[in-house]
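The structure appears right after this line, and notes come after that.
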Amino acid sequence: YKCQRLSLQKSDLGLKIAEIHILKQDPKNAMRELKNLIRDNPSLIAAKIQLGKIQFDSKLIREAMDTWDSVLLRDPMNRE
């Protein structure tokens with residue numbers, strides 16, 4: 001359980017760090033942080049959604065679509 005809690009804490013911290021990069025208008029480092037989180041925990045949907053938003057806002061439309069498609073593959077019945 002301790003290992004699982006540490007993993008969740010790392011994910012939460014990584015999401016916050018990415019958010020700070022966005023607030024500082026630094027999408028490149030936000031994307032780097034989120035990609036690292038996703039690499040370490042591929043099932044972290046919140047990181048994938050946030051990464052897709054940043055990619056879209058950065059005019060990286062194809063990458064955003066690929067990122068969001070990976071979320072839909074996990075839950076194909078998601079209609080949102």
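A quick note: this is a predicted structure, and the numbers were derived from the prediction, not measured.
Residues satisfying the salt bridge (Lys or Arg N to Asp or Glu O under 4.0 Å) criterion with Asp66, sequence neighbours excluded, are Arg62.
Ile17 and Leu23 sit in two unconnected hydrophobic clusters of ILVMFWY residues. Membership requires side-chain heavy atoms under 4.5 Å apart, directly or through other members. Hydrophobic clustering (side-chain heavy atoms under 4.5 Å, transitive across Ile, Leu, Val, Met, Phe, Trp, Tyr) groups Ile22 together with Leu60.
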Side-chain donor-acceptor pairs of residues 26-35 under 3.5 Å, sequence neighbours excluded:
from	atom 1	to	atom 2	distance (Å)
Asp26	OD1	Asn29	N	3.4
Asp26	OD2	Asn29	ND2	2.7
Asn29	OD1	Arg32	NE	3.1
Asn29	OD1	Arg32	NH2	3.0

With a 3.5 Å cut-off and sequence neighbours excluded, list the donor-acceptor pairs that the side chains of residues 48-56 form with protein atoms.
from	atom 1	to	atom 2	distance (Å)
Lys48	NZ	Pro42	O	2.9
Gln55	OE1	Thr67	OG1	2.7

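Listed here is the closest heavy atom pair of Ala47 and Leu15: CA-CD2, 3.8 Å.
Put simply, CD1 on Ile20 and CG on Leu13 are 9.5 Å apart, with the number rounded to the nearest 0.5 Å. Taken to the nearest 0.5 Å, the CG atom of Asn41 stands 5.0 Å off from the OG atom of Ser11.
Annotation: salt bridge (charged side-chain N to carboxylate O under 4.0 Å, His left out) contacts involving residues 37-46, sequence neighbours excluded, comprise Lys10-Asp40.
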